[in-house]
Number of protein chains: 2
Amino acid sequence: MAAESPGIAFLLSQLGAHAATQFGARVEELGLTPPLVGVLRMISAQPGLSQQQLAGELGLLPSKVVAFVDDLERRGLVTRTRGTRDRRVQHLTLTTEGTELLGEAIEAGAQHEDAFCQALAPDERAQLKALLERLARSHELAPGVHPGYRWIR
Amino acid sequence: MAAESPGIAFLLSQLGAHAATQFGARVEELGLTPPLVGVLRMISAQPGLSQQQLAGELGLLPSKVVAFVDDLERRGLVTRTRGTRDRRVQHLTLTTEGTELLGEAIEAGAQHEDAFCQALAPDERAQLKALLERLARSHELAPGVHPGYRWIR
DNA sequence: TATTGTTATACTCTATAACTATA
DNA sequence: TATAGTTATAGAGTATAACAATA
């Protein structure tokens with residue numbers, strides 16, 4: 001019998017890990033990691049959101065959010081503002097520098113996307129993207145929210 | 001401007017992590033993890049290979065291989081045999097139980113594959129698989145060898 | 001002296017749970 | 001009493017380097 005060739009699920013896992021590693025290498029030059037880029041994106045999309053909201057939407061532990069925001073705030077990329085009505089919450093916004101750096105990260109992502117798909121023609125990329133989007137929707141994966149890799153041992 | 005929709009690279013990473021998580025949940029019922037399945041598969045494909053070879057081909061640390069093989073040997077799935085010519089090396093082979101369990105893991109993988117791709121018609125699956133295989137080849141990813149996720153922070 | 005496998009250890013990461021300040 | 005955020009800590013996981021046996 002022939003050695004069974006890897007299926008779609010394995011190929012996705014293999015390619016996905018590879019893509020994530022390469023993207024991580026690109027944003028590392030900006031002093032960022034993929035999760036930090038996700039945090040910046042979320043704050044940019046919903047300025048003023050609280051740390052709890054951020055934790056909920058990205059599936060992060062509140063204590064992890066504290067560490068991330070500490071880092072970003074120390075570097076002048078994000079500001080914390082105490083709520084006026086409820087002084088317990090911290091509202092998060094991007095500074096000008098934060099917005100600029102996010103822009104660079106997005107640009108790095110676009111370059112990464114292009115380099116990663118170089119082997120495919122434009123119409124093939126469109127075809128692949130459509131299939132992946134349908135697959136993602138069928139699994140109810142939120143657009144732009146990475147499930148993380150908490151399972152690896 | 002519209003919020004930029006996730007590209008192929010992000011979708012691969014997202015779907016790949018999701019697929020890996022679900023596969024991990026399936027083989028957990030067999031007392032296995034995805035890396036352990038990879039170890040069993042490699043020993044099955046190359047009976048008698050050494051721990052060094054195993055570490056090299058799967059990109060694992062030698063000390064990690066020791067831990068994996070300790071586990072598998074204790075459970076009677078794998079046997080270590082000292083080399084006769086070079087008594088330093090440990091040759092690895094699957095026991096009958098190991099072969100059977102690997103069979104169950106492969107069966108779980110097949111069920112996982114089918115469930116994961118349920119949203120796509122057979123011809124769409126073939127199309128998707130072909131595109132992913134070309135992409136994997138273009139990145140020189142070895143068939144069946146997972147790069148791991150050592151980068152996440 | 002070099003190599004295979006093993007063990008020990010230092011390091012990082014994660015998750016949990018205490019703690020504070022507000023409500 | 002409950003909640004947002006913070007801090008502290010214990011546990012797990014990882015990588016590195018020391019080690020024993022053999023070459």
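By convention in this document, chain letters (A, B, ...) are assigned in the order of the sequence lines, proteins followed by strands, and residues within each chain are numbered from 1.
- Across the protein-nucleic acid pair, B:Leu49 atom CG and C:dG5 atom C1' stand 14 Å apart, rounded to whole Å.
- Here the nucleotide nearest the side chain of A:Pro62, chosen from D:dT6, C:dT7, D:dA4, is D:dT6.
- Side-chain proximity of B:Lys64 to the nucleotides C:dT22, C:dG5, D:dT14 is greatest for D:dT14.
- When heavy atoms are screened at a 4.0 angstrom cut-off, B:Ser63 is found touching base atoms of the nucleic acid.
- Nearest-nucleotide positions on DNA chain D place A:Val69 closer to the 5' end than the other of B:Thr84 and A:Val69.
- Here B:Gln52 reaches the OP1 or OP2 of C:dG5: one of its side-chain N or O atoms lies under 4.0 Å away.
- The aromatic rings of A:Phe23 and A:His112 sit tilted, their planes meeting at an angle between 30° and 60°.
- The backbone N or O of B:Pro62 lies less than 3.5 Å from no partner atom in the side chain of B:Gln51, so there is not a single donor-acceptor pair.
- The CD atom of B:Gln90 sits 11 Å away from the P atom of D:dT22 (whole-angstrom rounding).
- Whole-Å rounding puts the A:His91 NE2 to C:dT22 C1' distance at 13 Å.
- For the residue pair A:Glu97/A:Thr95, the side-chain donor-acceptor check at 3.5 Å is satisfied.
- Whole-Å rounding puts the B:Arg82 CZ to D:dA21 P distance at 11 Å.
- Per the geometry, CD belonging to A:Gln53 stands 8 Å off P belonging to D:dG5, to the nearest Å.
- Using a 30° and 60° split on the angle between ring planes, A:His139 and B:His18 fall in the perpendicular class, above 60°.
- Closest contact between the side chain of A:Arg88 and the listed nucleotides C:dT22, C:dG5, C:dT4 involves C:dT22.
- A donor N or O paired with an acceptor N or O is not found under 3.5 Å between the base of D:dT22 and the side-chain atoms of B:Arg87.
- Within the nucleic acid shown, A:Val89 comes within 4.0 Å of sugar-phosphate atoms alone, with no base atom in reach, counting heavy atoms only.
- Between the CG atom of B:Leu61 and the C1' atom of C:dG5 there is a distance of 14 Å, given to the nearest Å.
- Separating the CG atom of B:Leu54 from the P atom of C:dT3 is a distance of 20 Å, rounded to the nearest angstrom.
- The distance from atom CG of B:Asp86 to atom P of C:dT4 is 8 Å, rounded to the nearest whole Å.
- Close to D:dA4, at under 4.0 Å from its OP1 or OP2, lies no side-chain N or O of A:Arg80.
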Please evaluate residues B:Gln53 and B:Met42 with respect to the criterion side chain to side chain contact (heavy atoms under 4.5 Å, CB included), reporting the C-alpha separation (whole Å), side-chain torsions for both, the decisive distance (0.1 Å), and the verdict. CA-CA 10 Å; B:Gln53 288 175 297; B:Met42 192 60 78; over 6 Å; no

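- Between the axis at the start and the axis at the end of the helix from C:dT1-D:dA23 to C:dA23-D:dT1 there is an angle of 20°, using five pairs per end and rounding to 10 degrees.
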